[in-house]
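Residue numbers start at 1 and run along the sequence shown. Worth saying up front: this structure is predicted, and the values here are computed from it rather than measured.
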Amino acid sequence: FAIKQRSTMVDNLWKSLNISRESCELFASYNAKFDVVAVCHEARSLDLAPNEQISISFMVAGHRVAGSETFSLGSICHLRSCQLDGVIIVKVWASFGAPDTLPASEKRPLGETRIPLSYLAKQCDGSLYHTWVNLECAGLNDSVASTGMLPAETAEAFAQAMSSGPRQLFQPKVCLSICRSEDLSPDGQILWTATVPRKTKIACWGPLLRSQQQHELMCRAQYLQGSQIRNGQDGPQRLVNLKAQADEQAREIEALQEQLQSPHSQSHSSTVPTSAQDLDALLKGERYREKPSMSILEETTHRQIIEAMSLAENVEAGAARRGSAAEAMKEVEYRRNQQKQLQEELEICQADLSKIGDEANNKIEAANVRIRALRREREEAQRAVEERKAANQRLEASIQEVEDEKAQLRDQKEALIRIVEDLHSSVTKAGLPAATNIDRASIDSITGFKLP
């Protein structure tokens, strides 16, 4: 019953923190302690003086021993004995000289951010991978932290900092990676490559996708900023062009006025206007209303022509701007379609490459099997040849033994024949009766016997 009551209390605590049991399994149980590694890859938009160097400090809020050690960009910091309700405080410092050899009093804080581990467990799949986070003013949360900030407020502030990181290009920000110590690569770095096991890819897919989305959004924001800067640089040039057009029109008007005041029109000098205001005033008079002179008609026509030309130029300028915008949109759409086609071609090439690789691997495997079979056949043939050689050697030895035995028998036969001949001669000389035909036949059979 006590164990069940304790489990119920832990579940209620998770619910109060808005954390599920499954998400807490990323960092074991709620009360368990684990080690965390953190690294700052890059920092941007910081207020730095010339020759100032950047350093980063990581510490867990509430630890008895606060971390005073600072790390350079790209260095890994190990945080021991962290708990799920802990908050990692990341601070950025500026200093003249080597940060490792300077005391904290000679370092200037540039900004900080607070990362609740419970938010990482629930919303970030337990880790951050090359993620941009905006920095707050250094020391802003010290007074609030002394009274104890609610986890929900810390989580909301961190979510806002992570969401606005790729959007606000000129806001101070840092690129962070945070994970458990056991998730480090074999060489001790926070780096996920394409050669990692499939299980690791599935576990790290969420942080990797979030980092890719952030960087894509940042690239779009930088592109829009560059477009605005280029448009802002074209504005002064337009003003210069418009001013030049206005000066040219003023010179044309002055030239026309000089022509109207020439000797050819001296007879009408008292009645010819010298400006548009004088022309309007004269047109309202009775003399010109009844019978206007040729000079007044020419001036009126000239003014209408100028107004028409100005209107046409304005219309042309507006059409040119609209045409430029339309062309830009068409170019953007064309580039997007081209990028989409290239992406499709890349996917097709990758699929073909994978297919060719599989076919090559299958052929290599078949060749290896054939090579192994040929090697076995060669070894068996070599063993058969060795056996035949040994059998031939044994047969040659047997033949030699038979030849030796044959030579011995031949010698024995010859010796026996000599003995029989000597015995026959002795019997004949002694005057003993001659041997019978049967005895002689047996002797002849011995003497006529031939060995093979």
How long is the span from the [atom1] atom in [X] to the [atom2] atom in [Y], to the nearest 0.5 Å?
| X | Y | atom1 | atom2 | value |
| --- | --- | --- | --- | --- |
| Ser118 | Gln83 | OG | CD | 12.0 Å |
| Gln222 | His215 | CD | NE2 | 9.5 Å |
| Leu184 | Cys179 | CG | SG | 5.0 Å |
| Glu359 | Ile364 | CD | CD1 | 12.0 Å |
| Ser72 | Ile56 | OG | CD1 | 9.0 Å |
| Gln53 | Thr70 | CD | OG1 | 10.5 Å |

### Task
Carefully, step by step, assess Ile356 and Asp358 under the rule side-chain contact (heavy atoms from CB on, under 4.5 Å).
CA-CA 5 Å; Ile356 293 172; Asp358 295 338; over 6 Å; no
A side-chain contact here means heavy atoms from C-beta on lying under 4.5 Å apart; do [X] and [Y] qualify?
| X | Y | value |
| --- | --- | --- |
| Ser57 | Trp93 | yes |
| Lys91 | Ile89 | yes |
| Ile178 | Leu120 | yes |
| Trp132 | Val174 | no |
| Phe158 | Val133 | yes |
| Leu176 | Thr131 | no |
| Val60 | Leu117 | no |
| Glu333 | Asn337 | yes |

What pair of heavy atoms forms the shortest contact from [X] to [Y], and how long is it?
| X | Y | result |
| --- | --- | --- |
| His130 | Gln214 | O-OE1, 4.5 Å |
| Ala121 | Leu84 | CB-CD1, 3.8 Å |
| Phe96 | Asn51 | CD2-O, 3.8 Å |
| Asp125 | Gly206 | OD2-CA, 3.3 Å |
| Met162 | Cys124 | CE-SG, 4.0 Å |
| Cys77 | Phe71 | SG-CE1, 3.4 Å |

### Query
Do Arg114 and Glu136 sit within salt-bridge range, that is, some charged N less than 4.0 Å from a carboxylate O?
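The answer is no: the pair does not qualify as a salt bridge.
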### Query
Hey, is Arg180 close enough to Asp183 for a salt bridge, meaning N to O under 4.0 Å?
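A salt bridge is present here (some side-chain N lies under 4.0 Å from a carboxylate O).
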Indicate every side-chain donor-acceptor pair of residues 34-47 with a distance under 3.5 Å to a residue at least two apart or in another chain.
| residue | atom | partner | partner atom | Å |
| --- | --- | --- | --- | --- |
| Asp35 | OD1 | Ser81 | N | 3.1 |
| His41 | NE2 | Ser177 | OG | 2.6 |
| Glu42 | OE2 | Arg44 | NE | 2.9 |
| Glu42 | OE2 | Arg44 | NH2 | 3.3 |
| Ser45 | OG | Leu169 | O | 2.9 |

### Task
For Arg336, enumerate each residue passing the salt bridge (charged side-chain N to carboxylate O under 4.0 Å, His left out) test, keeping only those at least two apart in sequence or located in another chain.
none
### Message
Just to verify, what does Glu216 make a salt bridge (charged side-chain N to carboxylate O under 4.0 Å, His left out) with, not counting sequence neighbours?
### Response
Arg220
Compile the donor-acceptor pairs under 3.5 Å between side chains in residues 374-382 and protein atoms, sequence neighbours left out, one pair per line.
none

### Message
Is it the case that the side chains of Ser55 and Lys107 hold a donor-acceptor pair, with the cut-off being a distance below 3.5 Å and no angle test?
### Response
no
### Message
Run Val385 and Lys389 through side-chain contact (heavy atoms from CB on, under 4.5 Å) and show every step you take.
### Response
CA-CA 6 Å; Val385 169; Lys389 287 182 178 180; 3.8 Å; yes
### Task
Return each pair, listed once, that meets side-chain hydrogen bond (donor to acceptor under 3.5 Å, both in side chains) where at least one residue sits in residues 159-175; pairs must be two or more places apart or across chains.
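As it turns out, the side-chain hydrogen bond (donor to acceptor under 3.5 Å, both in side chains) pairs with a partner in residues 159-175, which skip direct neighbours, are Asn134-Ser164, Asn134-Gln168, Ser163-Arg167.
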### Task
List for me each residue that meets ring pair (Phe, Tyr, Trp, His ring centres under 6.0 Å) alongside His78, sequence neighbours excluded, and say none if there are none.
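Checked His78 against ring pair (Phe, Tyr, Trp, His ring centres under 6.0 Å); zero matches.
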